[in-house]
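Beneath this line is the structure, given in structure tokens, with notes to follow.
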There are 2 protein chains.
Amino acid sequence: MAREVGVTAKTVSRVLNDDGPVAVETRERVMAAVTKLGYQPNLMARNMRVGARDAAIGLVIPEMGNPFFGMVAGGIESAVRARGLTLIVGSSSETADLEQSLIATFLARRVSALMVVPSAASDHRHLRTERVAGLPIVFLDRPAVGLRADSVVSANREGARSGVAHLVAYGHRKIGFVGDLPATLYTRRERFQGYRDALDQAGLPFDRSLVETGHDQEAASRAALRLLSLDDPPTALFAANNLASMGTVLALSRAGRRDVALVGFDDLPLAEVLDPPLTVVAQDPAGMGATAAELVLSRLDGDRSRARRSLVPTRLLVRGSGELPPPR
Amino acid sequence: MAREVGVTAKTVSRVLNDDGPVAVETRERVMAAVTKLGYQPNLMARNMRVGARDAAIGLVIPEMGNPFFGMVAGGIESAVRARGLTLIVGSSSETADLEQSLIATFLARRVSALMVVPSAASDHRHLRTERVAGLPIVFLDRPAVGLRADSVVSANREGARSGVAHLVAYGHRKIGFVGDLPATLYTRRERFQGYRDALDQAGLPFDRSLVETGHDQEAASRAALRLLSLDDPPTALFAANNLASMGTVLALSRAGRRDVALVGFDDLPLAEVLDPPLTVVAQDPAGMGATAAELVLSRLDGDRSRARRSLVPTRLLVRGSGELPPPR
DNA sequence: TTGTAAGCGTTATCAA
DNA sequence: TTGATAACGCTTACAA
């Protein structure tokens with residue numbers, strides 16, 4: 001395009017890429033034309049010729065609106081920015097179909113790497129070809145299904161165990177579990193295991209009726225209310241994710257109950273201001289993104305070691321709601 | 001690539017695009033090879049040949065972690081998904097430089113449209129060329145600077161006015177303003193104007209000492225505390241964005257003050273559970289994203305009418321904190 | 001210091 | 001129904 005202006009064709013390329021030698025006067029004429037025409041070299045053409053992949057990382061998350069994934073994306077982006085990589089994000093609405101088609105789009109686009117927060121029912125066998133071809137693929141928050149691949153997940157089980165053990169340490173012997181759906185979801189299962197671990201370690205019996213489930217804030221709220229209206233209700237609750245926490249807080253607030261202890265998994269913005277302030281097992285979403293990004297970068301740099309699972313530690317933030325003693 | 005398998009070259013293209021006539025048997029052989037090799041046509045090459053732009057929309061936001069922008073992105077994405085467009089997101093960290101370089105990357109990538117939440121100090125004159133070339137460009141949350149272009153923004157001024165008028169209606173005559181930084185930011189200025197509008201309409205004097213500022217939650221908290229410790233302190237506060245709201249709530253909670261009325265701009269997740277529940281002027285981030293997306297789509301469909309500014313209405317959510325009367 | 005030819009993977013055009 | 005050829009905008013390799 002800019003070749004109309006000066007006189008040449010590929011000299012422009014030389015100028016723009018600081019490639020071969022260029023006469024000062026030529027360079028200036030070219031640059032002038034470039035700024036005048038607002039010329040932008042076509043990246044697609046360049047990549048195709050060079051055989052390079054698109055300088056982008058494809059990220060699939062279940063839901064854009066969820067701040068947890070927003071912070072994950074933020075962690076990735078800042079870790080990756082220095083390398084000139086941009087982030088392409090798509091949301092799967094937690095469905096396997098959309099996830100697949102997003103991944104297909106990313107692959108057709110020849111992204112440099114793939115990062116996926118798998119939806120509940122998805123399967124990743126079809127990515128084997130790409131994996132062996134050397135495309136960096138990292139799974140976030142939940143591991144891959146049917147594929148050995150890198151993954152970065154929270155210390156869900158240990159975190160949940162510590163949260164529940166905290167309640168046990170304050171004297172609770174009947175502790176309700178408010179989980180999300182579907183119950184087959186990796187994080188849900190792991191955190192549930194942590195809950196059981198804590199009970200086992202304390203020699204407390206597992207009571208199936210103390211487990212309730214809700215897939216959004218309102219449903220979680222109802223789930224918490226069901227637990228509280230049992231004949232022999234729990235004296236403490238453990239909420240297994242941020243929506244469950246919010247729902248449970250809502251339920252307690254509506255019921256005017258300030259006597260029920262509560263520990264939530266995942267931190268909330270105003271946790272400190274609640275009454276009582278909310279004790280949580282905090283995750284580190286930005287750290288998770290950054291860890292995954294570093295893993296991807298090392299893979300791009302040629303690290304071919306075998307797939308690893310990275311565990312991002314959680315932190316118990318003691319604020320009040322988890323330290324309420326059982327009534328007596 | 002798949003041409004090794006069958007016998008042909010561009011017949012594959014015919015099959016994959018349902019183009020010319022293809023023998024049933026040929027089609028089957030091709031499809032077989034495609035699935036066997038996991039073949040994905042190279043989108044970059046296709047776009048280059050067809051002269052089409054990349055089927056992606058470039059979105060620049062100031063901060064990934066902020067749920068407000070996450071919801072905006074979500075609104076865009078779902079509105080645009082049906083058209084087969086994907087979303088490319090970059091964050092500018094609220095700096096003009098990064099914003100510019102992100103935009104340049106998107107342009108080099110030949111995105112089909114550009115959506116920008118401008119950072120505070122940026123200027124968009126350089127986008128004129130693209131605009132006149134017909135590239136859809138929409139500014140979100142804040143309008144463009146130095147460029148006539150489509151924009152979709154909240155009804156900041158009217159929303160703020162109604163929030164402050166609400167406080168006035170409950171008898172307050174000294175109302176503090178907790179804003180964010182920089183004070184030159186469009187949303188900040190508009191909401192401040194709304195605040196003044198409400199005072200004017202009520203015949204209340206404007207008092208410069210009742211205006212304080214903080215650029216994050218902690219700073220906003222300190223700002224609120226400064227207002228409360230004035231000799232003649234305000235009986236009500238208006239917080240001009242979500243961070244300011246959270247900081248103010250924090251300050252009131254720490255100071256144990258339940259007697260100060262508060263209206264926040266932008267809703268918060270647990271607003272309902274706070275004590276007192278938080279009255280807010282709610283924005284509609286997902287709606288904002290959807291509106292912007294529809295604007296872009298109509299532009300892509302050839303709508304060349306002149307640039308328009310779309311105002312997304314706000315909604316006053318009455319919950320308690322804004323209805324506290326002044327002490328007497 | 002600059003130009004020429006070729007080719008990246010795809011599709012439009014025309015011929016077989 | 002299929003193939004050959006050229007072209008999209010760029011860069012590599014080599015020649016001028």
Please state how far atom [atom1] in [X] lies from atom [atom2] in [N], giving the value in whole angstrom units.
| X | N | atom1 | atom2 | value |
| --- | --- | --- | --- | --- |
| B/L107 | D/dG9 | CG | C1' | 17 Å |
| B/R109 | D/dC10 | CZ | P | 16 Å |
| B/R110 | C/dT10 | CZ | P | 20 Å |
| A/L43 | D/dC10 | CG | P | 10 Å |
| B/N47 | C/dA12 | CG | C1' | 16 Å |
| A/R46 | C/dG7 | CZ | C1' | 16 Å |
| A/N42 | C/dT10 | CG | C1' | 14 Å |
| B/M44 | C/dC8 | CE | C1' | 10 Å |

Assign each of B/P21 and A/Q40 to its nearest nucleotide of DNA chain D by heavy atoms, then name whichever residue's nucleotide is nearer the 5' end.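 By nearest-heavy-atom nucleotide position, the 5'-most residue is B/P21.
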Once you apply a heavy-atom cut-off of 4.0 Å, does A/N17 come out as touching a base, just sugar-phosphate, or nothing?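 Sugar-phosphate, no base atom in range.
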Would you check if there is a donor-acceptor pair between the side chains of B/S305 and B/D303 at a distance under 3.5 Å?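 Side-chain D/A pair, B/D303 to B/S305: present.
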Are side-chain N/O atoms of B/T26 and B/R14 paired as donor and acceptor at under 3.5 Å?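 No pair is found: no donor N or O on one side chain lies under 3.5 Å from an acceptor on the other.
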Under-4.0 Å salt bridge between B/R308 and B/E294: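 No, this pair does not count.
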Answer yes or no: is there a side-chain heavy-atom contact under 4.5 Å between B/V145 and B/P118?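 Sidechains of B/P118 and B/V145: no contact.
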Heavy-atom count check: over 12 atoms from other residues, nucleotides or ligands less than 6.0 Å from A/R53 CZ?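 Yes - once you tally the heavy atoms of other residues, nucleotides and ligands closer than 6.0 Å, there are more than 12.
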First encountered from the 5' end of DNA chain C, between B/M48 and B/D19: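 Counting from the 5' end, the first nearest nucleotide belongs to B/M48.
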On DNA chain C, does the nearest nucleotide to B/A45 precede the nearest nucleotide to A/R27 from the 5' side, or the other way round? Give the residue.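 Nearest nucleotide further toward 5': that of A/R27.
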Tell me whether the OP1 or OP2 atom of D/dT2 has a side-chain N or O from B/T11 closer than 4.0 Å.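 No, outside the criterion.
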Output yes when at least one side-chain N/O atom of B/S13 is less than 4.0 Å from OP1 or OP2 of C/dT11, else no.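 For C/dT11, OP1 or OP2 has a side-chain N or O of B/S13 closer than 4.0 Å.
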Would the base of D/dT11 count as contacting A/R49 through its side chain, where contact means a donor and an acceptor less than 3.5 Å apart?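 Yes, the side chain and the base share a sub-3.5 Å donor-acceptor pair.
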Tell me which nucleotide among C/dT1, C/dT10, D/dT1 gets nearest to the side chain of B/Y39.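 Of C/dT1, C/dT10, D/dT1, C/dT10 is nearest to the side chain of B/Y39.
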